[in-house]
Amino acid sequence: MSRVAFGLVLLLAGCASSMPGDSFAPVAATVSARTGQVVAVIAVRNAPAVNARVAGLLAHPLSVEAAVGVALLRNAGLQARLAALGLARAELVQAGLLGNPVFAGAVRFPDRLFGLTDVGLGLMQDVTGLILRPSRLRIAGTRYRQAEAEAADDAVGLIADTQLAYYEALAAKQRAGVARARLAAAQAAATLADAQYKAGNIDALDRARARGRADEMAGRLQVALLAVASTREALTRLMGLSGPEVGWHLPAALPDPPAAMPDTTRWERIAVTDNFHLAALRAAVLARAQMLGLARRFGWLTDIQAGVSSEQNPENYRVTGPELAAPLPLFDHGQAARLAAASRLAADTDRLIDAAIDLRSRTRLVRERLFRAAALAAFYRDRVVPERGRALALAMRQYGYMLLGPYDLLRLKQDELTAQEGLISANLEYWTARAELGRALGGDNPLKAPPTATPISHEVMP
Amino acid sequence: MSVNRRTLLGSAAGLAAGSLAAGRASARESEAGGSKAGGGAPQALASAGVITPHVGNLPFEMIDGVKQFHLIAGEFNQEFSPGFHVRIWGYNGSSPGPTIEAVEGDRVRILVTNRLTEATTVHWHGMLVPSGMDGVAGISGPSIPPGQTFAYEFTLRQHGSQMYHPHDDEMKQLAMGMMGMFIIHPREPGADAVDRDYVWMTHAWNIPPGTYRPNPATMTDFNIWTLNGRVYPGTAPMLAATGQRVRIRVGNLSMLSHPMHLHGHHFWISGTDGGRIPPERRWSAATVNVAVGTTRDVDFVADNPGDWAYHCHRSHHTMNAMSHTVPNLVGVDERAAGAEIAALVPGYMPMGGHGMAGMEMGPGPVNTAPMMAGRGPYGPVGMGGMFTLLKVRDGLTDFSRDPGWYAPPPGTLPRRV
């Protein structure tokens, strides 16, 4: 009876703790502390408080923080993955449960009139589970920590993906603006060519060339607008929005990268320590090691049952005694299971090493991208774009002396627009690298701290 | 057209020079003012002197019966028109170099100091000199290395408007401006004497706007056309009192010929680089083509008061810096395109369609001369390059300054009908 009561308590406890919100709380606290974003399981998707919060975040030109905030509230894919943490909790509970005892009863009737009926009763309990329970609990605990890390990696991944999508969408919007100006410049040249053709001053070929360039630019604008639509929808999907909430709008331009970079020498170490994907793989390796240990010690131990049975025999007395059923490990003493466990450990260890090498490389690359893109952006902002502007101003003076014509001015305008495209690309490179930095460092953002070293300028350009 | 004038020009009777000589000398000095000619103190010429506007004439010293001149080849800045400074090569700080003026039969010695960074020679173009003095590098005699001074010496066996220029790295040195006029007066000028004797050299340069040094590799795409190293409106006017006899000598060492045209007068073509032409073989014209490597003298009586254009008649030679590639916008309705361009290029204004001369040019690039410039009493002049004026005034005595714009007598202006 007391055993039944104990089992019930365990069962209830399992039910209570299988609510994913509870399971996720410690992970959420870690991720929230690192990212500055509230990461939580949203129990009711359209709760008034959630709706109000989302509406508030979407009310202004969307900032990257607001986009991430909305995604963490609304992205149902993340919520689904957070629910997996509940499964891991359930498995942990399951590991603590003993197999139920098996009752067996048999009634056998005599083949003569006043013969006695043979009644046999038995109760068997699986003993293997009892012996292995501490090991299995330990393994399940490791698996649960792995699941926690995977959930955190999902949350950090959603933050990085949302930031990437945000910057891509903003860059696409800016590029469309440039494409619009390119079309206007080409169209102005075509308009002038039309007027020249009407006056009899150029031939049909020259007019066709001017029109062809304008048409080409019109086509490029359509491509740019398509990119606006697809990047916008990508961000909308990551923010988990539909219905009236899809009417959000972006600010005018990507911000300038900051003028200085903090100390980056510890980034690789931070990544190795804090990256959640790596943490999950480490937990997986530990679980595999624990499983191998189990297989080595108890690989032969399968399906042992112990119990008691009682039988009223034909002589009308009862025989009662213990019962044991165990496979004899003569042929299968667990060697295949040990080999499988060892192989799984080796494979997961290699996966961990592979991921660590990959992560360190990506972290170094992110650092390079941040430095170079910040320098490139400064180069475009401080040198290329103003130089192109100055060239146009100087060309205007030549135009004033009839040394250059309107087409020359429009060509220089196109050069200026090319420089602006370069600036947009450099800014985009910087901000996407920054999003990747968050992913690599498990949500840590060393750039949040005020920059202390290494001023960025285009002087570092080769 | 005046038969009388031709008669006068052709006849010795009309050309008594005497009483005008004194006034002429003082005017000549002031007009040549600003000359950077070096060397000794100027000495009076035995015959009537020439006027080389902006440049002046090269002084000489008489040493043991030899007229000794001193040319210094070097690099310097010259202002082609106000605010347009060009780093060029020439002689005694000027391109063309100062005019060497002498008389047939003179023994002359020309010291030539080379302050260039490369060797040079002087070739006496059209002059009958001993072979060794002819200045062709490698053939005639030694070149002058940088930093050294060589003396050319010979006796003048001819008269006429001649020239001097290097014959060593000639393409570059000519393109950079090294040239000058060598005027040899006849020993007995007689009826050929004039009151005002102007000397001009034409030249073509490639000085892209905003640059400060000619491109000497250019063969055809010249953009700056000078008279005595100046472009209109930086060119000085020629002055004459009504009735004075005037000669204009033009030398051409550029790569194109220059048909020089004078308004309001006919002239006699009176001399070439082969010397003065005998009166009976002269012919009358209003334009004389000065081919490459030649000189032409024209004589006339300034008998028509007014402000008269004198210019090369290749119309692009009376323009300053210009482009060969600007689109043709004549007759083009630029309103729609103009609005579209102005939306992209702040300050843009269509300018091609309304006639260039009527337009005030906008702010231009640094260090060049606007394609067309100048303002007269009736509006923009719209000229540049090889353009100047002959100003003929009744009773003009002060040749030291521009007499201002001509005031046409009543009934001599076009009227609106």
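Labels below follow one simple rule: chain letters A, B, ... track the order of the sequence lines, proteins then strands, and each chain is numbered from 1.
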Inset, instruction - Please examine the side chains of A:Ile202 and B:Asn328, heavy atoms only from C-beta on, and report whether any two atoms are closer than 4.5 Å. - result: no
Legend entry - Greatest number of heavy atom pairs closer than 4.5 Å to chain B - which of A:Leu403, A:Asp206, A:Leu409, A:Leu412: A:Leu403
Legend entry - Side chains of A:Gln187 and B:Glu340 in contact at under 4.5 Å (non-hydrogen atoms): yes
Inset, instruction - Could you tell me whether B:Tyr406 atom OH has more than 12 heavy atoms of other residues or ligands within 6.0 Å of it? - result: yes
Legend entry - Heavy-atom proximity to chain A below 4.5 Å, by part of B:Ala343: neither
Inset, instruction - Tell me, out of B:Gly210, B:Pro208, B:Ala336, B:Ser323, who's got the most heavy-atom pairs with chain A below 4.5 Å. - result: B:Ser323
Legend entry - Side chain to side chain, B:Leu329 and A:Asn201, heavy atoms closer than 4.5 Å: no
Inset, instruction - Taking A:Lys198 for its side chain and B:Val332 for its backbone only, find out whether a donor-acceptor pair lies under 3.5 Å. - result: no
Inset, instruction - Measure the spacing between CD of A:Gln398 and OG1 of B:Thr368 and express it to the nearest 0.5 Å. - result: 8.5 Å
Inset, instruction - Taking the side chain as every heavy atom from C-beta outward, state whether A:Leu192 and B:Glu334 have any pair of such atoms under 4.5 Å apart. - result: yes
Legend entry - Residue among B:Asn223, B:Asp333, B:Ile341, B:Thr325 with most heavy-atom pairs under 4.5 Å to chain A: B:Ile341
Inset, instruction - Please examine the side chains of A:Gln196 and B:Pro327, heavy atoms only from C-beta on, and report whether any two atoms are closer than 4.5 Å. - result: yes
Legend entry - salt bridge (Lys or Arg N to Asp or Glu O under 4.0 Å) contacts in which one or both residues fall within residues 243-256 of chain A, not counting sequence neighbours: A:Arg74-A:Glu245, A:Asp256-A:Arg381
Legend entry - Contact check, side chains of B:Pro365 and A:Leu394, non-hydrogen atoms, under 4.5 Å: no
Inset, instruction - Check whether any side-chain heavy atom of A:Leu410 sits under 4.5 Å from a side-chain heavy atom of B:Leu344, and report yes or no. - result: yes
Legend entry - Enclosure of B:Met171 CE (heavy-atom neighbours >12, cutoff 6.0 Å): yes
Legend entry - Inter- and intrachain pairs under ring pair (Phe, Tyr, Trp, His ring centres under 6.0 Å), touching residues 327-348 of chain B, at least two apart: A:Tyr399-B:Tyr348
Inset, instruction - Count the heavy atoms belonging to other residues, nucleotides or ligands that lie under 6.0 Å from NE2 of B:His263, then report whether that count exceeds 12. - result: yes
